[in-house]
Amino acid sequence: MKHPDKKSVLAFLEANPHVTTRRDIAKGLNVKGEGRAKLRAILKDIERGDAASARPKAAKSRRDPLPRTTLVEFLRIDDQGDLIGKASGADGPFGPDLIYGGPARRGGKAGAATGRVPGVGDRAISRLVDSPSGPKALVVKVLERQRRAPVVGLFTQLKRGGRVESVNRRDKHDFAIAPGDTNGATDGDLVVILAKAGRGPAEAVVQEVIGRAGDPRAASLIALHAHSIPTAFPDEVLAEASAATPAETPREDLTKTPLITIDPADARDHDDAVFAEALGDGWRVIVAIADVAAHVTEGSALDREAYARGNSTYFPDRVVPMLPFELSADACSLKAGEERPCLAVEMEFDARGVKRGHRFLRATMRSAGGLSYSEAQAAIDGQPSKRAAPLLDTVLRPLWGAYKALSEARAARGPLELDLPERRIEFAEDGSVRQVAVKERFDAHKLIEELMIQANVAAAESLEKARHPLVYRVHDQPTKAKLAALAEFLKTLDIKWSLGERPQTQRFNRLLADAAGSDTADVVTEIVLRSQAQAVYAPDNLGHFGLNLQRYAHFTSPIRRYADLIVHRALIGALGLGPEKLSPGAAARLEEMASHITETERRSMAAERDAADRYLALFLADRVDSEFEGRITGVTKAGLFVRLADTAADGFIPISTLSSDFWVFDEGAMRLSARGSGKYFALGQNVTVALREVAPLKGGLMLEMRSPPKRRKSGVGKGAAPRPKRGPRAEGRRGSVSRRKGRGKGKG
């Protein structure tokens, strides 16, 4: 082949996965002379993601199909232990999550493993195939290995040097530390290490000592460093935060309007304040938001740091803020009795909660009071505190009146009703975990959420009307693959789901309502949750399926989310509210920015889950051999994930410990079945388990099944389960899965 092209090179690589060098590729394609230079250029393009794998123009929409063979960048390990990637093009990762499905196969036989097993950070030419759990990437050839990343681990002193055990459950080996590479670490220290380049993964150098294993707050320290969450602010950023003064700009006076903040009892940053008053046939509502754009200038060191962080990260015992405390907890925070600049939206609703109109204004406000959710609820329920009593008739009752009207409109809109309970980890004075409690959920929470949703909708509407670029908060409808998996699973419960239906939130809500109170309620809720897409930021509007809204943007939390700051600047520019507008350069980079803040949000969520897992493991460490009630929340070929009822801690039961039966994984039915016996364990099943092993630093719980399996009814009929497909028995593995926590105000 004198002049190779990209198509033929990709086809050759897929057909010959064992070929790993350019020389062998040239030989296999019979490329000689001048053609070798052309081949080198093509291979470089493929490695950069500019070949058939590059993002095509038609793939701008998330609904557009991906090419069958593409470059995939593997980004993370998910809660089920699967390696997750995205298609990678010239503009970076894009499209839906792709599950690593192993090496591509040719002629029914697995190809050579050389160059075919990716890890986090790797990029690989992959063939995409559909599966009930979503699209999978079958690796043809790994092109680029990850850079060595820092590892957090426990240091053990040896006679010469030391050894570090990684706190990551997926690291299966220890790291050797030479005597000159310990950096002063002593036995029992928690350290950050870096594997030595060119020496293999088993040798490393200690970069930093971050704490002690016995520190009760070590779980958050580990999560911070393991997920590279920045903690310390550079001196330049702190100096700018201390000196930040809002620029002079015309503002309306809202200081006489009794706006109040309603937040968690321990909140230090108050983004939003609310007010409502009755009109003759409706309601006037004001949502005032901290004017962060007035303090944080685009392109400044403060702005660059906020963008790099993307959002605040909330651990059970601490907050890592997006902005320095001088701003997040002081100058920008809407403190009671203190004047603060704000960006507000004034909305008018009719008696049924339908919006008649809205306007945005830049103003100065003075909060008339700061209440906790429980305090506001108690006042409405007839037990006002000293702080709440003066606000009851003038502020709180009108707010609840407006909320009643908005609730009527919300019910007519029909958003997805997945109100999942949250657990709160409470600490003793010494930092140890005292208890794990269910977070109380009041109408006060729902009131604030609904007002924030309405303000977020108004922001998106105003920017669309002005034809101004913005970052939407989008939540795409479930994919066909996920709906097919949902329908297949519901068959095992004798519940029909027509695949011909257009996905609608009302249809999901009917399913949830029909299952409510039954033995299948938990499993139906779990499978509906799994069928949903993840919400992301994007400059293109796909709507918000979960909230059943056509347009939605995050506007109400600029202290803790950079996405909201982008929207603030866009509104200021589009509506002529001041000089702090979104620059043309930033507007041109919205796709890149949206991708970045989506990734930082997921990074924070992963770190928060990891910290919670470790705190729960610490809490349960002295209860080995105790029995717990739980529910199966994950079924894999390796075993079962079980969530404990009291604490919501997640543990794993290896398949090899279930019994001496030959257990087979049925992906469609989400169950493990004992071949030939009719016995099975299924997703959503309530079980009793014993705690067998706890790894506090890794956040892992190993469980033992104490409940007997269910039995398939004989014959075909109601309650009958399909016979599982034949497949290999899989050995168990350790691991856990964490429930995604709600993010508070501005749902979605």
Side-chain angles (χ1 to χ4, degrees), residues 48-49 54-55 59-62 71-76 78 84-98 120-121 123 146-147 149 224 226-231 233-234 237 292-293 296-314 320-323 328 460 463 469-476 533-542 552-555 557-570 582-608 743 746 748:
R48 287 197 301 266
R55 184 171 190 169
K60 294 284 186 184
S61 167
R62 292 176 183 271
L71 188 70
V72 173
E73 182 175 350
F74 292 97
L75 302 170
R76 69 184 192 281
D78 72 0
I84 302 297
K86 284 183 179 292
S88 181
D91 299 325
F94 69 97
D97 284 349
L98 305 171
V120 174
R123 298 199 302 164
Q146 66 175 330
R147 298 171 184 170
L224 280 167
H227 293 274
S228 301
I229 304 291
T231 52
F233 287 97
V237 172
V292 174
V296 181
T297 304
E298 186 180 307
S300 64
L302 189 55
D303 181 56
R304 293 194 301 272
E305 181 69 15
Y307 175 71
R309 294 178 179 228
N311 48 262
S312 298
T313 304
Y314 292 83
V320 180
M322 182 180 78
L323 299 172
S328 63
L463 288 170
L470 73 148
V471 169
Y472 293 92
R473 179 64 166 182
V474 300
H475 181 226
D476 209 351
Q534 280 189 293
V536 299
Y537 295 106
D540 300 320
N541 185 22
L542 299 180
Y552 192 66
H554 273 167
F555 159 75
S557 295
I559 290 177
R560 67 181 181 91
R561 292 187 305 223
Y562 196 85
D564 303 57
L565 181 54
I566 294 172
V567 171
H568 276 228
R569 288 169 176 161
L582 191 69
S583 71
R589 294 175 50 239
L590 285 184
E591 186 168 0
E592 171 195 334
M593 297 171 79
S595 176
H596 169 74
I597 57 180
T598 296
E599 290 304 318
T600 59
E601 177 188 52
R602 292 182 179 177
R603 176 183 69 177
S604 291
M605 291 171 61
E608 291 163 359
R743 299 292 296 168

Polar side chain donor-acceptor pair, Thr600 to Asn311, under 3.5 angstrom: yes

Taking C-beta and beyond as the side chain, do [X] and [Y] meet within less than 4.5 Å on heavy atoms?
X	Y	answer
Asp303	Leu565	yes
Arg602	Val536	yes
Gln534	Asp97	yes

Could you pull out the closest heavy-atom pair between [X] and [Y], with the gap in Å?
X	Y	value
Leu323	Pro558	CD1-O, 4.4 Å
Arg569	Ala293	CG-CB, 4.2 Å
Thr598	Tyr537	OG1-N, 3.1 Å
His475	Ala535	CD2-N, 3.9 Å
Glu591	Pro539	CA-CG, 3.7 Å
Ile566	Val471	CG2-CG2, 4.1 Å

Main-chain N/O of [Y] paired to [X] side chain as donor or acceptor, under 3.5 Å:
X	Y	answer
Glu305	Pro234	no
Arg304	Gly299	yes
Arg309	Ile229	no

Taking atom [atom1] of [X] and atom [atom2] of [Y], what is their separation to the nearest 0.5 Å?
X	Y	atom1	atom2	answer
Tyr307	His596	OH	NE2	4.5 Å
Ser300	Glu298	OG	CD	9.0 Å
Phe555	Leu470	CZ	CG	13.0 Å
Arg561	Ser604	CZ	OG	12.5 Å

Any residue meeting side chain to side chain contact (heavy atoms under 4.5 Å, CB included) with Ala587, in chain and number order, not counting sequence neighbours: Pro469, Leu582

Lys86/Glu599 salt bridge by N-O under 4.0 Å criterion: no

From CA spacing to verdict: side-chain contact (heavy atoms from CB on, under 4.5 Å), Tyr552, His554: CA-CA 7 Å; Tyr552 192 66; His554 273 167; 4.0 Å; yes

side-chain contact (heavy atoms from CB on, under 4.5 Å) between Arg560 and Tyr314, intermediate numbers included: CA-CA 10 Å; Arg560 67 181 181 91; Tyr314 292 83; 3.3 Å; yes

From CA spacing to verdict: side-chain contact (heavy atoms from CB on, under 4.5 Å), Leu302, Thr297: CA-CA 8 Å; Leu302 189 55; Thr297 304; over 6 Å; no

